[in-house]
Asker: 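Just dropping this structure here.
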Amino acid sequence: MKAWIRKSLKGIAIVLGAVAIAGALRYFTYTPYLIPLEGMENSLFRGDRILVNRWSYGLRTPAMSWLGYHRWLSKPVHRGDIVVFNNPADTRNQAIDQRDVFISRCAGTPGDTLWVDSLFSLISSEKNLTPDSKQLYTYPRSREQELNRLLKRHSITGNELMGQDTSRNVRSFSRYEYHMLKQSMTGNTWLQPLDGDSIEEPYALVVPGKSRVLQVHPWNRVLLMNTLVLHEGKQARIIGDTLYVDGRPTWHCTFTKDYYWMVSDNNLNLSDSRLFGFVPQDHLIGKESVVLFSKEPNTGWMDGYRWNRFFLQVK
């Protein structure tokens with residue numbers, strides 16, 4: 001009888017040990033996640049089960065509601081990484097690691113300047129609207145000396161006069177150069193696209209970083225307000241056209257955390273930073289490592305497998 005009890009206890013100990021090891025591997029090394037939606041197509045497909053490396057950016061403290069936040073062997077996130085993180089806009093759960101899990105591609109790291117439209121969509125090179133792309137602009141000939149002063153102030157060179165008529169001159173500027181010049185003009189903007197292009201001017205959106213000071217603009221003040229309230233523990237609100245932080249009008253904000261801007265590979269999917277804003281570092285879980293296997297949704301257990309995606313490394 002005693003021998004049987006010893007064997008039973010040994011068997012139980014082996015099972016419990018295996019469970020403990022499996023749990024440790026899941027929470028301290030690699031964790032599998034199922035892709036439930038089409039937001040990352042054509043990189044990751046609905047039905048992909050991926051493996052996430054929890055050490056990619058340093059191991060985050062498990063059970064954060066009890067142990068608080070800490071990250072061992074912290075490593076930087078790189079632009080282009082496919083990142084798994086907790087939903088930064090989830091206010092139902094105070095514990096960060098109990099919030100919904102999202103996956104997106106990192107498009108901006110702390111201190112990066114992104115060029116976005118009024119809906120915070122990144123300006124696409126397919127539209128020929130990258131900050132460095134050139135475009136012809138016209139301006140009144142009477143503004144020639146004023147323009148030369150602005151060019152000298154911003155150290156803009158290589159923009160010789162390209163043409164003129166009786167009332168207007170023509171020069172070529174990148175959209176970034178145009179943005180700087182427009183910011184320096186008082187009153188109406190007298191520098192205009194030659195072809196009358198009505199596409200809106202891109203906005204410069206700076207990604208917050210620890211101890212970094214950001215200027216408040218009309219296009220980013222709501223985003224900054226939400227970031228301060230959700231992740232910085234500040235009381236912030238907008239009255240009229242002014243951002244108030246802890247009861248004081250604010251035109252510059254300082255942050256205590258590093259943040260990231262995440263985008264979906266599927267442009268039709270809005271479940272990225274356009275919806276939930278900046279992602280703070282303490283919300284990061286890890287980087288997508290490999291697709292373990294893939295299966296078409298709503299298919300039988302014998303069919304629907306995407307065999308070419310098994311153990312696929314996605315970039």
Side-chain angles (χ1 to χ4, degrees), residues 23-40 43-44 46 48-110 112 120 207-210 223-234 236 255-266 269-292 314:
L25 290 174
R26 177 182 177 85
Y27 289 103
F28 292 96
T29 54
Y30 289 86
T31 302
Y33 286 98
L34 177 67
I35 304 299
L37 300 172
E38 296 85 0
M40 286 300 292
S43 298
L44 294 172
R46 181 184 178 190
D48 284 352
R49 184 170 290 275
I50 64 172
L51 202 60
V52 176
N53 183 357
R54 287 180 172 267
W55 283 94
S56 299
Y57 311 120
L59 181 64
R60 189 179 67 175
T61 308
M64 293 175 64
S65 57
W66 297 344
L67 303 176
Y69 170 71
H70 183 72
R71 193 175 292 273
W72 290 280
L73 301 177
S74 180
K75 300 176 183 177
V77 180
H78 299 288
R79 287 187 298 276
D81 285 358
I82 298 178
V83 184
V84 174
F85 53 93
N86 295 106
N87 179 7
D90 184 357
T91 58
R92 298 170 300 173
N93 296 305
Q94 292 298 318
I96 294 173
D97 54 353
Q98 294 179 14
R99 298 176 178 179
D100 293 336
V101 175
F102 287 173
I103 182 168
S104 296
R105 189 180 295 275
C106 178
T109 60
D112 284 349
F120 291 98
V207 182
K210 187 175 182 179
L223 178 61
L224 296 181
M225 178 192 70
N226 291 337
T227 305
L228 292 168
V229 172
L230 290 173
H231 310 302
E232 295 286 332
K234 300 288 187 179
F255 296 84
T256 64
K257 302 178 182 180
D258 283 333
Y259 292 85
Y260 301 88
W261 187 261
M262 303 294 181
V263 298
S264 301
D265 282 1
N266 182 354
N269 178 58
L270 294 177
S271 295
D272 55 18
S273 284
R274 291 172 292 176
L275 177 66
F276 50 69
F278 294 114
V279 178
Q281 187 180 36
D282 54 13
H283 283 59
L284 303 182
I285 297 173
K287 179 183 177 182
E288 180 271 340
S289 177
V290 66
V291 178
L292 289 177
V314 178

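Throughout, numbering of the chain's residues begins at 1 and tracks the sequence.
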Asker: Has Asn226 got a side-chain atom pairing as donor or acceptor with Leu223's backbone, closer than 3.5 angstrom?
Answerer: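 No.
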Asker: Taking C-beta and beyond as the side chain, do Ile285 and Arg54 meet within less than 4.5 Å on heavy atoms?
Answerer: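 Yes, at least one pair of side-chain atoms sits under 4.5 Å.
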Asker: Got Ser56 and Lys75 here, is their nearest side-chain heavy-atom distance under 4.5 Å?
Answerer: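 No, their side chains stay 4.5 Å or more apart.
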Asker: Is there a donor-acceptor contact under 3.5 Å from the side chain of Ser273 to the main chain of Met262?
Answerer: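 Pair found, side chain donor or acceptor close to backbone of Met262.
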Asker: To the nearest 0.5 Å, what is the distance between CG (Leu34) and CG (Leu292)?
Answerer: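 CG of Leu292 is found 11.0 Å from CG of Leu34.
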Asker: Is the closest side-chain heavy-atom distance between Glu38 and Arg46 below 4.5 Å?
Answerer: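 A side-chain contact under 4.5 Å exists here.
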Asker: For the residue pair Asn86 / Arg60, report whether a side-chain donor-acceptor contact shorter than 3.5 Å exists.
Answerer: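 Asn86 and Arg60 do have a side-chain donor-acceptor pair below 3.5 Å.
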Asker: Closer than 3.5 angstrom, by distance alone: can the side chain of Asn93 be matched with the main-chain N or O of Ala95 as a donor-acceptor pair?
Answerer: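 Not at all, since once roles are kept as given, no pair shorter than 3.5 Å links the two residues.
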Asker: Arg92 and Asp100: which non-hydrogen atoms are nearest, and at how many Å?
Answerer: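 For Arg92 versus Asp100, the nearest heavy atoms are NH2-OD2, 3.2 Å.
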Asker: Could you check whether Gln94 and Ser65, counting side-chain N and O atoms only, form a donor-acceptor pair closer than 3.5 Å?
Answerer: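 The criterion, which ignores hydrogens and geometry beyond distance, is not satisfied for Gln94 and Ser65.
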Asker: Do Phe102 and Phe276 come close enough that some side-chain heavy atom pair is under 4.5 Å?
Answerer: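 With C-beta onward as the side chain, the pair touches.
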Asker: Using atom types as modelled and distance alone, determine if a side-chain donor or acceptor of Gln281 lies under 3.5 Å from a backbone N or O of Lys257.
Answerer: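 Looks like no, no N/O pair under 3.5 Å.
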Asker: Hey, does Leu59 have a side-chain heavy atom less than 4.5 Å from the side chain of Leu73?
Answerer: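 In short, these two side chains do not touch, never coming nearer than 4.5 Å.
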Asker: Answer yes if the side chains of Asp265 and Ser43 hold a donor-acceptor pair under 3.5 Å, and no otherwise.
Answerer: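 There is such a pair (donor and acceptor under 3.5 Å, judged by atom type) between the side chains of Asp265 and Ser43.
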Asker: Assess the side chains of Arg71 and Thr61: does a donor N or O sit below 3.5 Å from an acceptor N or O?
Answerer: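 Their side chains do not contain a donor-acceptor pair, so the 3.5 Å distance test is not met.
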Asker: Which pair of heavy atoms, one from Pro32 and one from Leu51, lies closest together, and at what distance?
Answerer: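 Taking Pro32 first and Leu51 second, the nearest heavy atoms are N-CD1, 4.0 Å.
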Asker: Does the side chain of Ile96 come within less than 4.5 Å of Tyr69's, by heavy atoms?
Answerer: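 No, every pair of side-chain atoms sits at 4.5 Å or beyond.
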Asker: Ignoring hydrogens, what is the shortest heavy-atom contact between Ala63 and Asp97? Give both atom names and the distance.
Answerer: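 Scanning both residues completely, I find the closest heavy atoms to be N-OD2, 3.3 Å.
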Asker: Do Arg79 and Asp112 meet the salt-bridge criterion of a basic N to acidic O distance under 4.0 Å?
Answerer: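 The answer is yes: the pair qualifies as a salt bridge.
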Asker: Between Asp48 and Ile50 (side chain of the first, backbone of the second, donor and acceptor by atom type, cut-off under 3.5 Å), is there such a pair?
Answerer: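 Judged by distance alone, no pair lies under 3.5 Å.
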Asker: Is it the case that the side chain of Asp258 and the backbone of Pro110 share a donor-acceptor pair, with hydrogens and angles ignored and the cut-off at 3.5 Å?
Answerer: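 Such a contact is absent between Asp258 side chain and Pro110 backbone.
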Asker: Of all heavy-atom pairs between Ser264 and Ser271, which one has the smallest distance, and what is that distance?
Answerer: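 Shortest heavy-atom contact: OG-O, 3.7 Å.
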Asker: Rounded at 0.5 Å granularity, tell me how far OG in Ser289 sits from CD1 in Ile82.
Answerer: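 So the OG of Ser289 and the CD1 of Ile82 are separated by 11.0 Å.
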Asker: What pairs with Tyr259 under ring pair (Phe, Tyr, Trp, His ring centres under 6.0 Å), at least two apart in sequence or on another chain?
Answerer: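 Only Phe255 meet the ring pair (Phe, Tyr, Trp, His ring centres under 6.0 Å) criterion with Tyr259.
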Asker: Closest approach of Val279 and Pro88, non-hydrogen atoms and distance?
Answerer: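 Minimum heavy-atom contact is CG2-CG, 4.0 Å.
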Asker: Answer whether the closest heavy-atom distance between the side chains of Val314 and Glu288 falls below 4.5 Å.
Answerer: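 With C-beta onward as the side chain, the pair touches.
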Asker: Please tell me if the side chains of Val77 and Leu284 come closer than 4.5 Å, counting only heavy atoms from C-beta onward.
Answerer: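 A side-chain contact exists here, since the closest heavy-atom pair is under 4.5 Å.
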Asker: Looking at Phe85 versus Tyr260, is the centre-to-centre ring distance below 6.0 Å?
Answerer: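 Phe85 vs Tyr260: aromatic centres not under 6.0 Å.
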Asker: Assign the ring pair Trp261 / Phe278 to parallel, tilted or perpendicular, where the plane angle (0 to 90°) is split at 30° and 60°.
Answerer: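 Taking Phe278 first and then Trp261, their aromatic rings stand perpendicular (interplane angle over 60°).
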Asker: Going by distance alone, is a donor N or O of one side chain under 3.5 Å from an acceptor N or O of the other, for His283 and Arg99?
Answerer: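 Per modelled atom types, His283 and Arg99 side chains form a pair under 3.5 Å.
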Asker: Just by distance, do the side chain of Asp90 and the backbone of Asn87 share a donor-acceptor pair under 3.5 Å?
Answerer: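 Absent.
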